[in-house]
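Before any comments, here is the structure.
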Amino acid sequence: MAALMKHRAVRIGSIALLFFVMGWPLLGTVRASVLAVVVVALQALAWASSLAPAGKRPKDWLGGADAALARWRERSPARVRGVLPWFVLALACVAPLGMNAYTLNVATDAGIYVCLALGLNIVVGMAGLLVLGYAAFYAVGAYTYAILSTQAHVSFWVALPVGGALAALFGLLLGLPVLRLRGDYLAIVTLGFGEITRITLNNWDSFTHGPNGIMGIAPPSLFGFTFSQPLHYFYLVLAFAAFVAFLSHRLERSRIGRAWVAMREDETAAEAMGVPTVRLKLLAFTLAAFWGGLAGVLFASKQLFVSPESFNFLESVMILCMVVLGGMGSVPGVILGAVLLAFLPEVLRGVAEYRLIVFGAAMVALMQYRPQGLWPSARHLMEFGEEKERTG
Amino acid sequence: MSGLTEFLQQLVNGLTVGSVYALIALGYTMVYGIIELINFAHGEIYMIGAYIGTIVTAALLVSGFPLGLALVLAFVATALLTGMHGVSMERIAYRSLRRSGRLTPLISALGMSIFFQQYVLLSQGAKDKIFPAELSSGGFMLGPVRLAYVQLAILVVAASLMLVLTLFVQKTRMGRAMRCTAQDQVMASLVGVSVNRVIAMTFFIGSCLAAVAGLLVAMYYGKVNYLVGYVAGLKAFTAAVLGGIGNIPGAMFGGILLGVTESLAAGYIGGEYKDVVAFIVLVVVLIFKPEGLLGARVPDKV
């Protein structure tokens with residue numbers, strides 16, 4: 001035991017020393033020492049937790065919650081489970097009563113993020129295609145409304161389908177050639193597409209006013225009622241989010257949704273069973289783009305101002321993280337992820353500058369310890385239980 | 001300046017930038033060749049290399065080392081320190097995910113990339129870091145074309161590193177183990193190759209090359225910024241795909257081709273769309289020749 005202890009201590013010490021040397025040029029002596037101490041603490045913690053009996057280690061703690069979730073899914077009658085979404089919706093309806101103007105604004109943004117994340121969930125979660133430039137479709141929708149509203153005084157309700165359709169067209173045009181590619185190439189091409197969109201919006205001064213953005217967008221109105229107060233927007237966005245969530249839920253269990261899942265799990269097998277994979281990929285892609293476009297119109301009508309800044313790569317990553325954090329392919333999970341991440345900056349406001357570094361580290365940690373997300377879909381819950389063989 | 005001279009000048013500039021892309025692309029391609037992961041954080045490794053190089057050079061110059069010696073020492077130190085970053089990244093973020101499908105390690109790599117970027121932003125600030133020695137002004141005329149000493153250094157260093165890498169992969173025991181692991185990890189481990197060590201070594205070498213590229217670019221432009229890694233990484237990835245990902249000569253070729261294309265495009269179309277050109281090249285190659293210019297078509301593993 002003593003020999004092991006000595007060995008372990010030497011190991012921890014040398015790793016800490018390595019991190020000190022590595023961090024020293026960038027961090028300086030003091031902060032590099034702090035880093036070394038943190039590394040020692042983490043290693044010691046990992047060691048201590050490995051001493052606990054199997055099944056009771058910290059990483060197993062969440063497993064208990066999962067088991068409870070699975071049991072609840074199994075035992076509770078469908079009627080009880082069916083009540084949960086209505087309960088959440090009712091809660092969201094009365095939530096603004098307890099909010100100040102600032103929180104209400106964040107909550108509205110959270111609603112837009114729910115729409116976006118649910119849209120991305122179609123393509124990433126259900127169909128299993130990694131899209132890294134989702135903000136581009138969002139941008140297409142937002143700029144459509146911005147330009148139509150300022151140049152042609154087109155109303156919100158007309159711009160809404162137009163923005164969605166235009167984004168879907170972009171998705172279709174991009175998807176046609178690239179969907180034959182393997183997964184990680186697709187990720188990069190969509191990333192490149194996102195960048196091209198942003199750079200073009202930034203440089204095409206005569207059309208998009210470049211980095212200055214477009215101001216003076218008209219707020220939406222309905223039968224003479226103008227959505228001018230933050231509270232109005234909240235309910236407008238909430239209605240959209242609820243609608244999108246409902247559609248996502250229906251889509252999940254549909255024939256198309258099941259075909260997507262089959263394709264995600266094993267493309268070759270799905271094709272052998274007669275699933276038209278290319279057409280379904282294209283459908284997922286276009287539908288997700290349409291959704292993104294709608295959310296973009298919604299965003300433009302809320303901000304009354306758009307600029308390329310809002311649609312950068314980090315925005316795409318943020319939306320992806322909402323999907324991943326909640327649980328890919330799980331509608332309640334994705335909603336949870338979107339709301340959590342939208343409110344995260346407010347929670348971390350005191351340490352705002354550390355927000356992104358925490359975010360990056362959390363992404364890595366999440367993939368290590370909980371790749372299935374916080375609220376995994378029932379199907380993923382079964383899959384992740386066993387070690388999965390790597391497939392091409 | 002006549003048309004031909006301008007063309008030649010852009011060609012030389014393109015070759016310089018292209019060799020840098022090639023050095024970074026090698027890291028992408030080697031990692032992809034072995035574990036089929038697009039290491040998104042590789043661009044940030046390059047950026048960290050540029051920062052460490054700048055800081056170490058400054059420290060050495062302040063301690064009174066002559067410029068030449070300081071640069072040589074800085075190259076060695078930067079390569080080692082950045083290589084350690086690469087190895088730690090693999091150990092922390094990728095190793096345990098090797099058997100878990102495609103999406104999971106890719107997202108982990110994205111997280112790593114954000115982490116590194118913010119790490120440098122928080123420790124070094126958002127302002128440009130100025131390289132301590134003014135190197136880009138000296139140069140000579142090669143016929144009608146001006147070649148800065150730094151450009152010459154970039155070309156020479158890049159070419160010799162690529163040569164060393166090729167020899168290493170082809171001739172040494174470790175190189176053979178790498179090729180073996182790239183073909184079949186399970187078989188490799190059965191015949192006694194330490195797969196973990198080989199993969200760590202791959203990350204180390206890739207990161208060293210990226211670090212050298214980073215220091216060279218810091219010398220060339222005279223400054224670095226915490227944001228440079230993202231675009232450079234994307235372009236190097238484009239270069240790797242252009243040549244055929246997983247293919248070492250392909251990455252070198254792709255880098256140089258991309259650098260030249262981009263320089264010519266910037267010279268003739270306009271600088272602000274320079275980055276767009278690279279992405280369009282990427283999209284076109286992926287659509288029409290996804291195996292790359294030098295790569296053989298690899299069937300998907302089922």
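Throughout, protein chains are lettered first and strands after them, A, B, ... in sequence-line order, and every chain is numbered starting at 1.
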Against chain A, label B:Val231 side chain, backbone, both or neither, depending on which of its atoms sit under 4.5 Å from a heavy atom there.
neither
So does A:Phe170 have more than 12 non-hydrogen atoms from other groups sitting under 6.0 Å from CZ?
no
Given heavy-atom pairs under 4.5 angstrom as the criterion, report whether the side chain, backbone, both or neither of A:Val324 touches chain B.
side chain
Using the test salt bridge (Lys or Arg N to Asp or Glu O under 4.0 Å), find all partners of B:Glu90 that sit at least two apart in sequence or belong to another chain.
B:Arg95, B:Arg98
Should the heavy atoms of other residues, nucleotides or ligands under 6.0 Å from CZ of A:Arg31 be counted, would the total exceed 12?
yes
For the student: nearest non-hydrogen atoms of A:Leu27 and B:Ser123, plus distance
CD2-CB, 3.7 Å
Before giving the answer on side-chain contact (heavy atoms from CB on, under 4.5 Å), spell out for B:Leu282 and A:Phe193 the whole-Å C-alpha distance, their side-chain angles and the decisive distance to 0.1 Å.
CA-CA 10 Å; B:Leu282 174 68; A:Phe193 171 71; over 6 Å; no
Less than 4.5 Å to any heavy atom of chain B: does that hold for the side chain of A:Ile15, its backbone, both, or neither?
neither
Taking the side chain as every heavy atom from C-beta outward, state whether A:Pro25 and B:Tyr51 have any pair of such atoms under 4.5 Å apart.
no
Is any side-chain heavy atom of B:Ile114 closer than 4.5 Å to one of A:Ile357?
no
Given heavy-atom pairs under 4.5 angstrom as the criterion, report whether the side chain, backbone, both or neither of B:Tyr230 touches chain A.
side chain
For A:Gly23 and B:Tyr119, the nearest pair of non-hydrogen atoms, with its separation, is CA-OH, 3.6 Å
Report yes or no: does B:Gln118 contribute a side-chain atom to a donor-acceptor pair with the main-chain N or O of A:Tyr354 at less than 3.5 Å?
no
side-chain contact (heavy atoms from CB on, under 4.5 Å) between A:Phe313 and B:Leu110: does it pass, once the steps are laid out?
CA-CA 11 Å; A:Phe313 178 56; B:Leu110 271 176; 3.7 Å; yes
Taking heavy atoms only and a threshold strictly under 4.5 Å, list by residue number the residues of residues 360-368 of chain A that touch chain B; give 'none' if the list is empty.
A:Gly360, A:Ala361, A:Met363, A:Val364, A:Met367, A:Gln368
Say you draw a straight line from CG of A:Leu26 to CD1 of B:Ile48; how long is it, rounded to the nearest 0.5 Å?
6.5 Å
Run the salt bridge (Lys or Arg N to Asp or Glu O under 4.0 Å) test against A:Lys281 and tell me which residues pass, sequence neighbours left out.
A:Glu267
Heavy-atom distances under 4.5 Å only: say whether B:Phe237 touches chain A with side chain, backbone, both or neither.
side chain
Please classify the contact between B:Leu121 and chain A as side chain, backbone, both or neither, with a heavy-atom cut-off of under 4.5 Å.
neither
With a 4.5 Å heavy-atom cut-off (strictly below), which parts of residues 73-85 of chain B touch chain A? List them by number.
B:Leu81, B:Met84, B:His85
With a 4.5 Å heavy-atom cut-off, do B:Phe40 and A:Leu191 have their side chains touching?
yes
What part of B:Ile107 lies closer than 4.5 angstrom to a heavy atom of chain A: side chain, backbone, both or neither?
both
Less than 4.5 Å to any heavy atom of chain A: does that hold for the side chain of B:Leu122, its backbone, both, or neither?
both
Does B:Leu103 reach the side chain of A:Met328, with side-chain heavy atoms less than 4.5 Å apart?
yes
